[in-house]
Amino acid sequence: MVDTSPPTISPRREVIKQEAPAVFGEEPVEPMELDRLPYAPALEATDHVQLQQRYGLFIGGAFTKPKSNSYRSTINPATEEPLAEVAEAGSLDVDRAVAVAASAFSTWSRLPGAHRARYLFRIARLIQERSKELAVVETLDGGKPIRESRDFDIPLAAQHFFYHAGWADKLDFAFPKGRRGPLGVVAQIIPWNFPLLMLSWKIAPALATGNTVVLKPAETTPLTALLFADICRQAELPDGVVNIVTGGPKCGSILVRHPGVRKVAFTGSTAVGKEIQRVLAGSGKHLSLELGGKAAHVVFDDAPLDQAVEGVVNGIFFNQGHVCCAGSRLLVQESIAEPFMRRLRRRVGRLRLGDPLDKNTDIGAINSREQLQRISALVESGVAEGAHIYQPPCHLPERGFWFAPTIFTEVSPAHRIAREEIFGPVLPVMTFRTAAEAVARGNNTRYGLSAGVWTTKGSRILWMAERMRSGVVWANTYNQFDPAAPFGGFRESGFGREGGVQGLADYLELK
Ligand code: NAD
């Protein structure tokens, strides 16, 4: 078995000296030492990191200046300090990226699967080798606790490449030879909550099946995608097979509409997903959408309470609640509501909010000012609509974007906090009496991405799993992922699957 566990981050103080890559634009830019930045949180962790002051677009195997000549700053949401400037791709840049990917497709798609597998294995190993650097940059750019980047995001990203490397030369066993083919150039657009992980969910199956890629990371978290571009170079992936264009919604919109693109794989909000669906209607392009969620997390009266409390805390406070499948509606059986809520409040009161680079931190920074405003507005609506708010005493740092862990009781299904995706550390709680009522309440949503059930009765788990209308139902656990298990939504949570053999099918033309 391949060991995918990352080495632990040790407090090393010397700064790694490294040449600036010669291929970056026409003027190589000096690497920046993070030690010089005017902030001092758990800095030893950043000693593994070298960021450039400016990043170009990764097109055709090299970092190049954007034709638009425009850049935007990406900041550390825990301090609001700038980390680097990142190119903003315009339509000429997207044209070039798609053209280069189309040209690379003619050779990449004809490579024997075993050869493609070698590149994927190399990438997986390089992600492991550079895991400290990737984890620190993911935390700096996104605000998530380093413990999560280190133990979840980065190892799971490597696992996705290992898993799909295994498939590249075995596609015949799942899809008839001669009756399947890759699609061509795939446009992939990802959100900011799990940047490198979402990238790996998209790029690994696309490459394993013989497609080439133009990927656009989210505008607030582009840095690990740019480090990944460097990993592609290190792995000697043929030029043009993976291209990374950075930019905001406009760049995404240009990419989606580009006539050279054969498939769009989008992960993000339901609103943007619907817009892309409208834009692509009648275009003949393949489309998969991984969108928002509002999962019911159901706790029955026979559940082991302490374990269920841990599961519920993990379900909503993991990654500050910036999780599409977060257990963001707690349904507790009425008979245990009082003792359960007492334990839950006590546990939430012990969560540590603060410096994301501190390995003891449970709740890091909110990813952006805009997201903080969205969370605050929804929480205000909960109070205005009559729900009862609980927030443990909690010191919020003066700079950066922070939100205290929040629990709402006295919630009605009609409240906005019970219906809308908050995407923050906020848990609305409702009760139920019977299993049938739990199912009815749980399914009372326009989403259908995930659900969770806590009970000791095996028969009840199966009964619930059959009835909950969502792509994933976790039982007596939450937020567990495996590259072999297909992930995706029902209804307004999207369509298509990522992971498993079903995820590969979405990147193939089946005859
Ligand atoms: P978003 O929809 O605002 O942005 C997602 C990406 O789309 C970004 O890269 C953005 O630049 C780009 N984009 C924005 N407008 C576009 C347009 N008109 N055309 C093309 N691209 C466009 O979402 P977000 O705020 O970055 O992410 C949070 C959302 O993502 C939440 O709703 C969350 O539930 C969802 N999400 C879903 C999954 C899943 O697997 N189902 C996983 C992670 C996040």
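Each ligand, and each atom within it, is numbered from 1 in the order the structure gives. Values in this document were obtained by computation on a predicted structure and should not be read as measured data. Any value given below was found using the heavy atoms of this structure, including those in side chains, with hydrogens, waters and symmetry copies removed.
In this structure, Thr209 OG1 and Leu183 CG are separated by 7.0 Å, a value rounded to the nearest 0.5 Å. How far NZ of Lys263 is from CG of Leu280: 11.0 Å, rounded to the nearest 0.5 Å.
Listed by atom number, the atoms of ligand 1 under 4.0 Å from Ser253 heavy atoms are 19 (N), 20 (C). Atoms of ligand 1 found under 4.0 Å from any heavy atom of Ala218, numbered from 1 in the order shown, are 9 (O). Close approach of ligand 1 to Cys324 (heavy-atom distance below 4.0 Å) involves ligand atoms 33 (C), 34 (O), 36 (N), 37 (C), 38 (C), 39 (C), 40 (O), 41 (N), 42 (C), 43 (C), 44 (C). Atoms of ligand 1 found under 4.0 Å from any heavy atom of Phe487, numbered from 1 in the order shown, are 40 (O).
Distances from atom 35 (C) of ligand 1 to the heavy atoms of Gly268, Gly292, Pro191, Ser450 show the closest one on Gly268. Comparing Val323, Ile189, Ile254, Val272 against atom 16 (C) of ligand 1, the shortest heavy-atom distance belongs to Val272.
In this structure, Phe63 and Phe58 have tilted ring planes: the angle between them lies in the 30° to 60° band. Ring orientation note: the planes of Phe481 and Phe487 are tilted relative to one another, at an angle of 30° to 60°.
For atom 20 (C) of ligand 1, the nearest protein heavy atom (residue, atom name, distance) is Gly252 C, 3.2 Å. Nearest non-hydrogen protein atom to atom 44 (C) of ligand 1 is Asn193 ND2, 3.3 Å. In terms of protein heavy atoms, atom 8 (C) of ligand 1 is closest to Ile190 O, 3.5 Å. Nearest non-hydrogen protein atom to atom 10 (C) of ligand 1 is Glu219 OE1, 3.6 Å. Atom 28 (C) of ligand 1 has its closest protein heavy atom at Phe423 CE2, 3.5 Å. Ser269 OG, 2.6 Å is the protein heavy atom nearest to atom 2 (O) of ligand 1. Counting only heavy atoms of the protein, atom 14 (C) of ligand 1 lies nearest to Pro249 CB, 3.6 Å. Residue, atom and distance of the protein heavy atom nearest to atom 31 (C) of ligand 1 are Glu421 OE1, 3.4 Å.
Proximity of Glu498 to ligand 1, defined as any heavy-atom pair under 4.0 Å, is not found for any part of the residue. Proximity of Leu291 to ligand 1, defined as any heavy-atom pair under 4.0 Å, is confined to the backbone N, CA, C and O atoms. Counting heavy atoms under 4.0 Å from ligand 1, residue Gln371 does not touch it at all.
Every heavy atom of Trp201 sits 4.0 Å or more from the atoms of ligand 1. The shortest separation from a heavy atom of Gly494 to ligand 1 is not under 4.0 Å, leaving the residue out of contact. The shortest separation from a heavy atom of Phe266 to ligand 1 is under 4.0 Å, placing the residue in contact.
Where the criterion is an N or O separation shorter than 3.5 Å, residue side chain and backbone included, Lys216 meets it with respect to ligand 1. At under 3.5 Å, a nitrogen or oxygen of Glu275, whether backbone or side chain, sits near a nitrogen or oxygen of ligand 1. Close N/O approach between Trp192 and ligand 1 is found [any backbone or side-chain N/O within under 3.5 Å]. Between Ser493 and ligand 1, a contact under 3.5 Å exists for no N or O pair.
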(message) Checking Val245 against Val214 for the side chain to side chain contact (heavy atoms under 4.5 Å, CB included) test, could you report, in this order, the C-alpha distance in whole Å, the side-chain angles of both residues, the deciding distance, and whether it holds?
(response) CA-CA 7 Å; Val245 292; Val214 180; 3.8 Å; yes
(message) Show, in sequence, the C-alpha distance, side-chain angles and deciding distance for Leu427 and Leu344, and conclude whether the side chain to side chain contact (heavy atoms under 4.5 Å, CB included) test is met.
(response) CA-CA 11 Å; Leu427 181 66; Leu344 181 62; 4.0 Å; yes
(message) Run the side-chain hydrogen bond (donor to acceptor under 3.5 Å, both in side chains) test on Ser368 and Thr220 for me, step by step, so that the C-alpha distance in whole Å, both residues' side-chain angles and the decisive distance to 0.1 Å come before the verdict.
(response) CA-CA 7 Å; Ser368 65; Thr220 58; 5.7 Å; no
(request) Please report the C-alpha distance between Lys67 and Ser91 in whole Å, then the side-chain angles of each, then the deciding distance to 0.1 Å, and finally whether the side-chain hydrogen bond (donor to acceptor under 3.5 Å, both in side chains) criterion is met. (result) CA-CA 9 Å; Lys67 293 265 181 275; Ser91 59; over 6 Å; no
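Judged as a side chain to side chain donor-acceptor pair (under 3.5 Å), and not counting sequence neighbours, Glu275 has no contacts. Not counting sequence neighbours, the partners of Trp192 by the ring-ring contact (aromatic ring centres under 6.0 Å, His included) test are His322, Phe423.
A donor-acceptor pair under 3.5 Å links the side-chain atoms of Ser493 to the main chain of Gly448, judged by distance alone.
In this structure, Arg233 pairs ionically with Asp230, as a charged nitrogen and a carboxylate oxygen lie closer than 4.0 Å. Using a cut-off of 4.0 Å between Lys/Arg side-chain N and Asp/Glu carboxylate O, Arg150 and Glu138 are scored as not salt-bridged.
No hydrogens or angles considered: a donor-acceptor pair under 3.5 Å links the side chains of Lys202 and Thr267.
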